Amino acid sequence: MKSSIKYILIIALCTLSFCPLRAQLLYEVSGNSAKQKSYILAINRLVPMQFLDTIPNVFKCFGNCDKVITEFAMQDYEALAALRQAAVLPDSVKLSNFYTESEYEFIDNSLRINLGMGLDQLCRMKPSYLTEMFRTELMKQWLQYDEQQSMESFFELVAAERNMPVIGLDKIGETMYMLFDREPFHWQCQELMKVIQYPENEVKQERTIKAMYLDGRLSDIAYQVKGPDNTSSISFSDYKVYCQRNQQWVKRLKPYLTEGAAFITLNAIYLGGEEGLLEQLRAAGYRVRPVNRGLKLQLKN
């Protein structure tokens, strides 16, 4: 009897201790005349930097690289100043003209409660900027988002300390357009109202994407964003824009991938799916495969 129990326990421990690695978040890019390997790491801003310790070989791969490539270089302070200026409304546009009196008051109260500032302080900002501010505060309140502990800018900060170049794939004008001017102004106003009226949609979507990220399900993230059940502010139309931008990014990545030794960190939302950056790189002739393919991990209780 004791031997049978012992046998069952051994089998159970083996099953728990060694299992296929689910989280495929780190990819190797080679081929197509690349002189050295480069790497792409999927990131999620809601995930703390401590999670990086659970991704095998990520620091080793980073150590083999001599440059960091990201969507937008957050350490470019001149560019950040330009972005802040681009978020301001022209003097000829008044936010109050696009809402009824009751809608304007509702937005004002919601911003005061959640941001500690009302429209008397924020009415000169573009609606898309206010929407992102509000969404960020929701993530802090409901999903424990901590900007200081986020994995999002970790490797960019380390690169800056090591005097490694940090390269943004988007030009500053493109980033301004994507953030503040891509949608018509009246759509931005509607979206701000929608996010404030239905904050649970934003939280639910971000929670779902975060869970998928932690499981390494990049394709599922793509389907979640473009699927019919998505009622958040990041919609199918946004996803199609991301896919079009991926095509441009493949072209811009070419000289860095040819040279090799690039460590690329991008939001997971851009990478998976049939139109994601990984598949578009494969279509361009690169060999893209998980760094940790076939790896067995020892799980902790």
Side-chain angles (χ1 to χ4, degrees), residues 18-32 34-74 149-159 162 164-169 209-222 224 242 246 249-250 253-254 256-300:
F18 299 97
C19 67
L21 179 66
R22 290 186 300 167
Q24 297 292 357
L25 300 170
L26 180 62
Y27 288 80
E28 171 192 295
V29 183
S30 60
N32 203 11
K35 297 177 182 178
Q36 301 180 63
K37 295 176 182 177
S38 292
Y39 302 94
I40 298 180
L41 174 68
I43 59 175
N44 181 297
R45 71 168 180 162
L46 301 182
V47 176
M49 62 179 69
Q50 290 83 354
F51 179 74
L52 292 168
D53 292 331
T54 72
I55 304 176
N57 297 307
V58 67
F59 297 111
K60 178 181 178 181
C61 292
F62 176 71
N64 291 333
C65 296
D66 55 21
K67 66 186 75 69
V68 170
I69 300 177
T70 186
E71 178 179 356
F72 176 76
M74 297 299 293
Q149 296 298 317
S150 172
M151 71 185 307
E152 184 177 33
S153 58
F154 176 81
F155 287 104
E156 187 176 343
L157 292 170
V158 174
R162 298 182 180 181
M164 292 171 61
V166 177
I167 301 155
L169 285 174
I209 289 176
K210 179 180 178 182
M212 291 176 173
Y213 173 82
L214 294 175
D215 276 347
R217 295 154 53 195
L218 299 186
S219 292
D220 287 351
I221 291 175
Q224 177 69 23
Y242 298 155
N246 282 340
W249 281 358
V250 170
L253 281 170
K254 184 176 180 180
Y256 303 114
L257 295 177
T258 299
E259 183 183 69
F263 194 83
I264 305 161
T265 65
L266 292 170
N267 191 318
I269 203 172
Y270 307 138
L271 299 184
E274 297 174 357
E275 299 176 274
L277 183 65
L278 299 178
E279 285 301 323
Q280 294 202 28
L281 285 170
R282 290 184 178 113
Y286 295 97
R287 185 182 187 186
V288 182
R289 57 182 184 172
V291 169
N292 298 313
R293 58 195 179 279
L295 185 66
K296 305 287 184 178
L297 277 187
Q298 185 169 356
L299 300 181
K300 297 181 180 178

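Position 1 is the first residue of the sequence; numbering continues from there. No experiment lies behind these values; they were computed from the predicted model shown.
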Self-check item: From CA spacing to verdict: side-chain contact (heavy atoms from CB on, under 4.5 Å), Glu28, Arg287
Solution: CA-CA 8 Å; Glu28 171 192 295; Arg287 185 182 187 186; 5.5 Å; no
Say you draw a straight line from [atom1] of [X] to [atom2] of [Y]; how long is it, rounded to the nearest 0.5 Å?
X      : Y      : atom1 : atom2 : value
Asn246 : Glu279 : CG    : CD    : 11.5 Å
Leu278 : Arg289 : CG    : CZ    : 14.0 Å
Met151 : Asp53  : CE    : CG    : 10.5 Å
Leu26  : Lys60  : CG    : NZ    : 11.5 Å
Thr54  : Leu25  : OG1   : CG    : 8.0 Å
Phe59  : Asn57  : CZ    : CG    : 11.0 Å

Measure from the side-chain N and O atoms of [X] to the backbone N and O of [Y], and report whether any donor-acceptor pair falls under 3.5 Å.
X      : Y      : value
Tyr213 : Ala42  : yes
Thr265 : Thr70  : no
Gln280 : Glu275 : yes
Asn44  : Ala268 : no
Asn292 : Pro56  : yes
Ser38  : Val29  : no

Determine the minimum heavy-atom distance between [X] and [Y], stating which atoms define it.
X      : Y      : answer
Gly272 : Ala222 : O-CB, 3.6 Å
Cys61  : Val291 : SG-CG1, 4.1 Å
Ala284 : Val250 : CB-CG1, 3.8 Å

Indicate yes or no: at least one non-hydrogen side-chain atom of [X] is less than 4.5 angstrom from one of [Y].
X      : Y      : answer
Leu169 : Tyr270 : no
Asp215 : Asp220 : no
Trp249 : Ile264 : no
Phe263 : Asn64  : no
Leu218 : Gln24  : no
Ile69  : Leu253 : yes

Self-check item: Other residues, nucleotides, ligands: >12 heavy atoms within 6.0 Å of Gln36 CD
Solution: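 Yes, the 6.0 Å shell around CD holds more than 12 heavy atoms from other groups.
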Quiz item: More than 12 non-hydrogen atoms from neighbouring residues, nucleotides or ligands closer than 6.0 Å to NZ on Lys67, yes or no?
Solution: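 Counting neighbours around NZ of Lys67, more than 12 heavy atoms of other residues, nucleotides or ligands fall under 6.0 Å, so yes.
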Quiz item: Run the side-chain contact (heavy atoms from CB on, under 4.5 Å) check on Glu156 and Phe72 step by step: do they pass?
Solution: CA-CA 10 Å; Glu156 187 176 343; Phe72 176 76; over 6 Å; no
Quiz prompt | side-chain contact (heavy atoms from CB on, under 4.5 Å) between Val47 and Lys210, worked out | solution = CA-CA 7 Å; Val47 176; Lys210 179 180 178 182; 4.2 Å; yes
Quiz item: Only one of Phe154, Phe155, Tyr39 forms a side chain to side chain contact (heavy atoms under 4.5 Å, CB included) with Phe62, so which one is it?
Solution: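 Running side chain to side chain contact (heavy atoms under 4.5 Å, CB included) over Phe154, Phe155, Tyr39 with Phe62 returns exactly one hit, Phe155.
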